[in-house]
Every structure is written in structure tokens, then in C-alpha cells.
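Keep in mind it's a predicted model, so treat the numbers as computed, not measured. Every chain is numbered from 1 and lettered A, B, ... according to where its sequence line falls, protein lines coming before strand lines.
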2 protein chains.
Amino acid sequence: MARAATTLDPFNAVAEPKRRQVLEALAEREMPVNDLVGRLGWPQPMVSKHLGVLKEVGLVNVRRDGRQRLYQVNGEKLKTIHDWAKMFERFWAHQLLRIKEQAERKHKERTN
Amino acid sequence: MARAATTLDPFNAVAEPKRRQVLEALAEREMPVNDLVGRLGWPQPMVSKHLGVLKEVGLVNVRRDGRQRLYQVNGEKLKTIHDWAKMFERFWAHQLLRIKEQAERKHKERTN
DNA sequence: TTGACATATTCCTGTATGGGGATATAAATT
DNA sequence: AATTTATATCCCCATACAGGAATATGTCAA
């Protein structure tokens, strides 16, 4: 019952719009927390918390550098989402194919 | 506060694993509710509720056929997710490029 | 050691769930 | 009209947040 944990998988983690923003910022370059705070304009604890979730599901990696923590995107996990969505590629890609399929379905209905 | 509505956008709707399963089943072919019930083995109200969310965010379309309701995948909305994830393509695609970028970053650090 | 800087963690609360069960709505059939 | 078939809706409850505020932890510098 209740919604699944945000840390269950990349899909849940990425459902939160703010976490997508964080990833979009990190897409530009590896970045310490404070850079994200400045760029996003959110309270620092908020940024850290979102980063925590992204980290836990593996969407980002961290490395320490002095007192800073540099976060970077982990492509592998994002590929998971990309690959899943790609499963539906034929539903947006080949418009002609879709029309053809629809026609075939209708023909099948008629011949049932 | 609290998590965003599941009907806020495709990302939230797709966060729920069961809803992804529904979409995967519909990827095979347009289908009435009862076929999904049989295939997924869930209570019918559960299937209808998940379909309701998917419908509200536009991930599926419905058309009536007698007393049945035929659900089908709406590719456009799934493309949204695919396109977003694609933004991070370079983080998994060109391994060599990533190594090169990392090297450049390190060089920059040394020269700072 | 004492600060200053960078980041993480804890506590609190309103809220939107997802599942279960019962029921309502709608359409075809007899 | 009464029944059956197909699907949607309603009610209830435990739960996992997300945001805000305060605070803790960790690290470098003087």
C-alpha cells in the first residue's frame, strides 16, 4: 500500500521534477553541492536531500575533493529509463507503420 | 509538500511499477480491460484505476467498442520520457569521449 | 584550538497515494 | 424488464514522502 519508495528505482527517483532539474544541471558538468544551490536557488538542505535520493538509486556518483563533494551523472542508470521508453518507439516513430497496423487490425475484426 | 500527484506528468505516472507493466502489455497490442486483468492477474478495479491514471496523463488512449473499452499506448507521451533520458546519452554512449572529458577536467584542475 | 566554510542529517507535518472491498454505471442479451 | 457482462467509482487506511527549520558532521585555514 501507499506509494513505492522514491529510492526503489530510477523511475521513482526521477518522478520528482526537482530531481530531474538536478540531473539536468549535472548533465552540463560535474558539480559540487554549492554550485547546484546557486544555480537552482534552493535551500542547501533541499539540494542535499535530493542528491541523497539520486545517489541511493545510483543516478549520480560522488567523489570527495577537500570539503567539497563533486556529483556527476551516472549514465548507466539513465540508460535504463531510456531503454524502457525505447520499447515503445514504434508508437511514435513510423507513423505509416502504425496506420498499416491499425488497418490490419480492422481487417482482422471484419473477418472474425 | 508531499509527493507530486501521479497524474502530474508521464514521469510520475510511470514511476509506479504496475503502471509500467500495464503499458508493456499494451505495447503488444490494443486491449480491453479484461484482457489486461487476465494477463496481469490483478483485481479488475486495480487495473481500471491504473488505467485511469495512465489515461489522465495521456499515456494511453481509449475507444469504446460495445461494452468493452479498448486501451492503446500513446507514443507521443512516452516519447517525452525517451527524449528526456536521451539528454544524458553521452554519459553512457561514447565511453572514449567520457574518458577524454574526464582527462580534460583533470588537466584544467591542475592548471587552476 | 577556534572559526569559517561545505555538506549532511534529524524532526515535524500535510498530503497524495495504492490496495482491498463493495458498489455503481453501462451495454448487450434474452 | 431482468440478467449477464464489462468497466469504473467510492470509501477507508497505512504509508512514504517533500518542504521547512534547526542542527550535526566534516574539513580547511589562521
Side-chain angles (χ1 to χ4, degrees), chain A residues 1-23 25-26 29-57 59-72 109 112, chain B residues 1-23 25-26 29-57 59-72 109 112:
Chain A
M1 325 113 150
R3 234 193 284 200
T6 56
T7 51
L8 178 66
D9 55 47
F11 289 95
N12 274 279
V14 153
E16 169 63 32
K18 284 200 167 70
R19 276 193 290 269
R20 288 203 297 281
Q21 281 187 258
V22 170
L23 288 171
L26 291 177
R29 61 175 173 79
E30 185 185 44
M31 220 177 284
V33 180
N34 255 354
D35 281 23
L36 287 167
V37 169
R39 167 181 305 227
L40 298 169
W42 308 337
Q44 175 268 314
M46 188 167 164
V47 173
S48 280
K49 268 193 280 190
H50 283 307
L51 283 170
V53 173
L54 293 174
K55 170 86 187 309
E56 196 170 342
V57 295
L59 280 165
V60 299
N61 292 319
V62 206
R63 67 185 178 90
R64 319 185 52 150
D65 177 38
R67 43 186 147 180
Q68 300 195 122
R69 301 217 180 173
L70 300 176
Y71 283 83
Q72 64 179 164
E109 281 170 23
N112 273 349
Chain B
M1 321 114 156
R3 235 193 283 197
T6 57
T7 51
L8 178 66
D9 55 49
F11 289 95
N12 275 279
V14 153
E16 169 64 29
K18 285 200 167 72
R19 276 194 289 268
R20 289 203 298 280
Q21 282 187 255
V22 170
L23 288 171
L26 291 177
R29 61 174 174 79
E30 186 185 43
M31 222 176 283
V33 180
N34 255 353
D35 282 23
L36 287 167
V37 170
R39 166 181 304 230
L40 298 169
W42 308 337
Q44 174 268 314
M46 189 166 163
V47 174
S48 281
K49 268 191 280 189
H50 283 307
L51 282 170
V53 174
L54 292 173
K55 170 88 188 310
E56 196 171 340
V57 295
L59 280 164
V60 298
N61 292 319
V62 206
R63 66 187 179 92
R64 318 186 54 149
D65 177 38
R67 41 186 149 184
Q68 300 195 120
R69 301 219 179 171
L70 301 175
Y71 283 84
Q72 65 179 163
E109 280 169 25
N112 273 348

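Between the CE atom of B:M46 and the P atom of C:dG19 there is a distance of 4 Å, rounded to whole Å. Straight-line distance from the CG atom of A:L51 to the C1' atom of C:dT9: 14 Å, rounded to whole Å. Remark: C1' of D:dT4 and CG of B:N34 are 13 Å apart, rounded to the nearest angstrom. The distance from atom CD of B:E56 to atom C1' of D:dT9 is 14 Å, rounded to the nearest whole Å. Between the CD atom of A:Q68 and the P atom of D:dA29 there is a distance of 12 Å, rounded to whole Å. Here C:dA6 presents its C1' atom at 12 Å from CG of A:D65, a figure rounded to the nearest Å. If you take NE2 of B:H50 and P of D:dT9, they are 15 Å apart, rounded to a whole angstrom. If you measure from atom CZ of B:R64 to atom C1' of D:dA6, you get 11 Å, rounded to the nearest angstrom.
For A:R3, the listed nucleotide lying nearest its side chain is C:dG18; candidates were C:dG18, C:dT7, C:dT15. Taking every side-chain heavy atom of B:S48 into account, D:dT7 is the closest of C:dA8, C:dA16, D:dT7. Here the side chain of B:R69 is nearest to one of D:dT7, C:dC5, C:dA28, namely D:dT7. Across D:dA29, D:dC17, D:dA22, the shortest atom-to-atom separation from the side chain of A:R67 is found for D:dA29. The side chain of A:R19 lies closest to D:dA18, out of D:dA18, D:dG20, D:dT9.
Distance CE/A:M31 to CZ/A:R39: 4.0 Å, rounded to 0.5 Å. Distance check: A:L51 CG to A:Q44 CD gives 9.5 Å after rounding to the nearest 0.5 Å.
For B:Q44 against D:dA6, a side-chain-to-base donor-acceptor contact under 3.5 Å is absent. Counting atom types as modelled, A:K49 pairs a side-chain N or O with a base atom of D:dG20 as donor and acceptor under 3.5 Å.
Exactly one of B:Q68, B:Q72, B:E30 qualifies for a side chain to side chain donor-acceptor pair (under 3.5 Å) with B:R63. That residue is B:E30. Here the options are B:N12, B:T6, B:T7, the test is side chain to side chain donor-acceptor pair (under 3.5 Å), and the partner is B:D9; only B:N12 passes.
Using a 4.5 Å heavy-atom cutoff, the side chains of A:M46 and A:L40 are not in contact.
Between B:D35 and A:V53, the residue whose closest nucleotide on DNA chain D is further toward the 5' end is B:D35.
The side chain of A:T6 contributes an N or O atom lying less than 4.0 Å from OP1 or OP2 of D:dC17. In terms of phosphate contacts, B:Y71 brings a side-chain nitrogen or oxygen within less than 4.0 Å of OP1 or OP2 of D:dA8.
Among the atoms of the strands shown, base atoms are found under 4.0 Å from some heavy atom of A:P45.
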